[in-house]
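As structure tokens, the structure follows; a few thoughts come after it.
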Number of protein chains: 2
Amino acid sequence: MIQDIAQQETFFHSRLFKGLSKEDMQEVAGFTKSKRLKAGSYLFRQHSKATHAYTLISGALMLERTSQSGRRQVIDFSHPGNFIGITNNDEFEFSVYCLRDAHLQCYVRNNFLELADRNPVLKNNIRRTGSNVLTHTLDQLFALGQKKAHERVCYLLHELSLRQSGTDRETIDLFMNRQDIADYLGLTIETVSRAFSKLKKDGIIAVDSPHRVRIVEHEQLDTLASAR
Amino acid sequence: MIQDIAQQETFFHSRLFKGLSKEDMQEVAGFTKSKRLKAGSYLFRQHSKATHAYTLISGALMLERTSQSGRRQVIDFSHPGNFIGITNNDEFEFSVYCLRDAHLQCYVRNNFLELADRNPVLKNNIRRTGSNVLTHTLDQLFALGQKKAHERVCYLLHELSLRQSGTDRETIDLFMNRQDIADYLGLTIETVSRAFSKLKKDGIIAVDSPHRVRIVEHEQLDTLASAR
DNA sequence: CGCGTTGTTGACGAGTATCAACTATTGTGG
DNA sequence: CCACAATAGTTGATACTCGTCAACAACGCG
């Protein structure tokens, strides 16, 4: 119950709707549906028609892209509050996989865009969200092109630390597995594992369990994350 | 003179203005200026105000991004016909450097966006162009994350082959230097050089001069370009 | 023609992938 | 709730790729 209120807050305070009036929000509510998604299923697939857009209320998602030869590149991980499905194309350019049982707000794309046409605030918010996708991808590009394995892992931990909800920036909940991390950072699972071991040995992080990591030396982690 | 006609053609047949009426084009012309840029100078810098947008008529540009630590990631190379400066943000997320004396069409951003608001065709074209930037970046991400040095070089050659104007898909004009290629592919100049040598030895390309390469085995090149 | 810049090649070492064995964790049925 | 199996993660040995440093070659320009 307390969690449900927190979830609603996440919805209304999402960057996407920041600055919208009560009336606007009611119109949004008119073409919005709630959706539950089980971990292990897909929200939508690469190349499917982009009929809807989504806000993640709770749970965790993963954006991935598969090449012709079947190899996967993980593009991003989604936290509550994130907006998914803003695409300039009519088709999605990636698949969205559910890592943890999720609750989403689901908007009809055409209604959404139409409202955005009339509402400069929303329009601007959407534009900025889209821009952030590109900025993020460019940062990732830099990480893959320039950084070493353990620096890439720091980059991920730094990102997760900033984005996860709640006030605790130290304890990081790794809701993805090692293969997902590897495919995100352009590494193998073994190298990712070794990177964690190295960071642990150097006293920068503490690994409580494979999916629960604490940042011990935040500054050193940040330095490594933005190295090169 | 003949070249000038060709350049005009490039402007009017640009994907950006595809499907626009004569009247629309006249309005576009109203807030459009011609601009010449010397090789070695910047069209605009990262973080500068995005007041204008551009179409490249002739010459060659390079999109790059610099990290806090001063390291450079080349994002893309621009050919005649390409649209530059579509950004969701108010600031540019990258710098644009002129590799070869360029002729550009230069639009006032606000007028441009305002017309786009009224004109669904143009709006759609802009949206698609923006989408292509993301798609391209995602492809590059995949290349950096998954491919080997010589495969990345093939990926670049394949791209250049597809995009360069003219009918000759075999002879490739490398208007950037080895450092630019290295920073685009996340490699060092030595590795890039060795990759060219290997492809030459394997009979896939012929290197007429450092900036002039012929594709001998197109199929093999494509296979390597899309490997993994 | 000499000089600076750009590109190539070689030797070597650091870093990452691969293969394999092992350990920890999670899930399932009794 | 436990035992066991299946899955996920870690560690070690080794090979290969790529980066680094250094020398050399080719090109462009005054």
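Everything numeric in this text was worked out from a predicted model, so none of it was measured. Within every chain, numbering begins at 1; the chains are lettered A, B, ... in the order of the sequence lines, protein sequences first and strands thereafter.
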Quiz item: Nucleotide by nucleotide, 5' to 3', does protein get under 4.0 Å of the base (B), only the sugar-phosphate (S), or neither (-) in nucleotides 22-29 of chain C, counting heavy atoms?
Solution: --------
Exercise. Return the residues of residues 193-205 of chain B meeting this criterion: a heavy atom under 4.0 Å from some atom of DNA chain D. Order them by number, or give none.
Key: B:Arg194
Practice problem: Applying side chain to side chain donor-acceptor pair (under 3.5 Å), name anything that partners A:Ser34, two or more places apart in sequence or on another chain. | Solution: A:His103
Exercise. Could you tell me the separation between the CG atom of B:Leu16 and the CZ atom of B:Phe112, rounded to the nearest 0.5 Å?
Key: 4.5 Å
Quiz item: Just how far is it from atom CG of B:Leu185 to atom OH of B:Tyr155, taken to the nearest 0.5 Å?
Solution: 8.5 Å
What integer distance in Å separates [X]:[atom1] from [N]:[atom2]?
X	N	atom1	atom2	answer
A:Leu187	C:dG15	CG	C1'	11 Å
A:His150	C:dA14	NE2	C1'	12 Å
B:Lys148	C:dA17	NZ	P	11 Å
A:Leu185	C:dG15	CG	P	18 Å
B:Leu144	D:dT17	CG	P	19 Å

Between the side chain of [X] and the main-chain N/O of [Y], is any donor-acceptor distance below 3.5 Å?
X	Y	result
A:His211	A:Phe175	no
B:Arg152	B:Ala195	no
B:Gln46	B:Thr66	yes
A:Gln146	A:Ala227	no
A:Arg169	A:Gln164	yes
B:Asn177	B:Gln179	yes

Quiz item: For DNA chain C, what residues of residues 171-183 of chain A have any heavy atom nearer than 4.0 Å?
Solution: none
Practice problem: Look at all strands and tell whether A:Ile189 reaches a base, only sugar-phosphate, or nothing, counting heavy atoms closer than 4.0 Å. | Solution: nothing
Quiz item: Is any side-chain N or O of A:Thr188 closer than 4.0 Å to OP1 or OP2 of C:dA17?
Solution: yes
Quiz item: Which angle, rounded to 10°, do you find between the first-five-pair axis and the last-five-pair axis of the helix from C:dC1-D:dG30 to C:dG30-D:dC1?
Solution: 40°
Quiz item: If you look only at pairs with a residue in residues 64-78 of chain A, which of them pass as a salt bridge (charged side-chain N to carboxylate O under 4.0 Å, His left out), with sequence neighbours excluded?
Solution: A:Glu64-A:Arg72, A:Arg65-B:Asp139, A:Arg72-A:Asp180, A:Arg72-A:Asp183, A:Asp76-A:Arg163
Quiz item: Does a distance-only test, which skips hydrogens and angles, find a donor-acceptor pair under 3.5 Å between the side chain of B:Glu190 and the base of D:dC18?
Solution: no
Exercise. Report the relative orientation of the aromatic rings in B:Tyr54 and B:Phe44; use parallel for angles under 30°, tilted for 30 to 60°, perpendicular for over 60°.
Key: parallel
Exercise. With DNA chain C as reference, determine whether A:Val192 or B:Val192 sits nearer its 5' end, using the nearest nucleotide of each.
Key: B:Val192
Quiz item: Are B:Phe17 and B:Tyr107 close enough that their ring centers fall under 6.0 Å?
Solution: yes
Quiz item: Any side-chain heavy atom of A:Ser161 sitting closer than 4.5 Å to one from A:His218?
Solution: yes
Quiz item: Between A:Asn82, A:Leu104, A:Leu99, which is the residue that forms a side chain to side chain contact (heavy atoms under 4.5 Å, CB included) with A:Leu61?
Solution: A:Leu104
